[in-house]
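Notes to accompany the following structure.
When reading the values below, keep in mind they use all heavy atoms of this one structure, side chains included, and skip hydrogens, waters and symmetry mates.
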Amino acid sequence: MQIFREIEPLKAFLKDQKGSMRSVGFVPTMGALHAGHLSIVRASQAENDLTVCSIYVNPTQFNNPDDLRKYPRAESADIAMLESVGCDVIFIPDNAQMYEDDPGVTLGFGELEKIMEGKFRPGHFSGVALVVGKLFHIVHPNRAYFGQKDWQQFAILSRFVKELKFDIALKWVPTVREHDGLAMSSRNARLNEEERARASSLYRALRKAEEMLKQGSTVSHVQTEIHAGLEERQITMEYLELVDSVNLNFLKNVKTSDNPMLCIAAYVGEVRLIDNLFIDNEN
Ligand code: AMP
């Protein structure tokens, strides 16, 4: 496994590898890796000759300085985990590598970023696309891999790649969960024991909302009920939305789309967690 901390040596290495006709899969992360990240690495390994994983806590996607400061960092454990699954290349740049100057560029995504994460985290998707665009130019992957958990991010990056004509196929990998249903997240490390026990309520809320919608409840009734249920567990729901997973349009009910998805964001203590669920509307 090769570890690079600087852009130019990484580019030279990858240029050389591509000379021998190797396909490159890319997995961008912010580190504090868990089994969810590793399943993305495996998806890349299954389809590419060479897999590059980046670890970079990107400051421009944090609208809350406290969240950035408290974001878990675990570089040596991350390297050991990537080594254990046979990842080929790790890229661990610092801020000076990624942002030579203060970023003077912002990116907009219209309606796609006015809702859900975009509404509650202004500027977040501009920062995400900015860093992913930079990383794409550095790595030049054939395919890039993302998690279902950050679905709005995947939808926005798909738009970004299409609009800017990056010659890169974006792929998503299903959410990996803890035994009680909690979506794995680097942020879970910030939950204390008691918060961790309550955090699985998010997934249970999604399941309950799915059930209610399938039985004909309106979205607003479901939102009110779930909000109240979570409140009882001292969990503050920021949003619960039913959207079309392709264009992120809000849906009135599960029947009005072939791809309905429920998305939720909530605070457990000071930790903000997100999750989502594809709704099967077959019956
Ligand atoms: P992060 O390091 O949190 O920025 O995440 C890096 C990538 O891993 C993103 O594409 C996430 O969507 C993905 N990811 C995060 N958590 C999970 C999970 N539990 N299962 C699958 N993928 C995940």
Side-chain angles (χ1 to χ4, degrees), residues 29-30 32-40 43 61-62 64 67 71-72 112-113 115-121 124-125 128 145-157 172-192 194-214 217 219 222-246 248 250-251 254 257 259-281:
T29 81
M30 298 205 299
L33 302 182
H34 49 66
H37 295 112
L38 297 187
S39 102
I40 306 184
Q61 71 188 68
F62 285 82
N64 175 348
D67 192 24
Y71 198 85
L112 284 182
E113 65 163 355
I115 57 167
M116 301 195 291
E117 292 304 284
K119 181 172 168 192
F120 287 92
R121 303 182 68 188
H124 169 66
F125 288 115
V128 168
Y145 294 80
F146 298 87
Q148 176 196 328
K149 188 171 80 73
D150 299 271
W151 188 261
Q152 190 175 7
Q153 166 175 289
F154 183 76
I156 284 179
L157 290 175
W172 64 271
V173 175
T175 301
V176 177
R177 299 181 179 281
E178 302 285 359
H179 65 278
D180 60 354
L182 175 65
M184 288 192 182
S185 165
S186 308
R187 287 191 165 83
N188 295 352
R190 290 182 49 206
L191 299 167
N192 65 31
E194 176 272 321
E195 290 165 340
R196 168 63 192 83
R198 279 189 288 128
S200 62
S201 303
L202 245 75
Y203 181 62
R204 284 205 301 279
L206 283 174
R207 284 288 177 206
K208 182 171 176 204
E210 175 188 37
E211 208 43 54
M212 291 174 73
L213 288 166
K214 281 182 168 180
S217 293
V219 172
V222 172
Q223 286 167 330
T224 311
E225 285 283 299
I226 299 293
H227 183 277
L230 288 172
E231 203 69 1
E232 276 173 25
R233 304 268 292 154
Q234 283 95 48
I235 294 174
T236 310
M237 186 177 101
E238 243 180 14
Y239 64 78
L240 171 70
E241 301 291 359
L242 179 69
V243 298
D244 178 293
S245 62
V246 176
L248 301 188
F250 288 139
L251 300 176
V254 283
S257 157
N259 321 286
M261 176 183 252
L262 272 166
C263 300
I264 195 167
Y267 277 93
V268 182
E270 286 185 357
V271 185
R272 186 176 183 280
L273 300 175
I274 60 171
D275 200 352
N276 62 57
L277 201 66
F278 285 110
I279 310 286
D280 133 40
N281 65 357

Enumerate the salt bridge (charged side-chain N to carboxylate O under 4.0 Å, His left out) contacts for residues 229-245, please, sequence neighbours excluded, ordered by first and then second residue. Glu238-Arg272
A side-chain contact here means heavy atoms from C-beta on lying under 4.5 Å apart; do [X] and [Y] qualify?
X: Arg196; Y: Asp180; answer: yes
X: Gln152; Y: Leu248; answer: yes
X: Glu117; Y: Cys263; answer: no
X: Val243; Y: Met116; answer: yes
X: Leu213; Y: Val219; answer: yes

Spell out, as yes or no, whether a donor-acceptor pair under 3.5 Å connects the side chain of [X] to the backbone of [Y].
X: Thr175; Y: Ala183; answer: no
X: Gln223; Y: Leu240; answer: yes
X: Trp172; Y: Trp151; answer: no

Between Glu210 and Arg207, is there a side-chain N and carboxylate O pair less than 4.0 Å apart? yes
Tell me every residue that passes ring-ring contact (aromatic ring centres under 6.0 Å, His included) with His124, counting only those two or more places apart in sequence or in another chain. none
Who are the salt bridge (Lys or Arg N to Asp or Glu O under 4.0 Å) partners of Arg204, not counting sequence neighbours? none
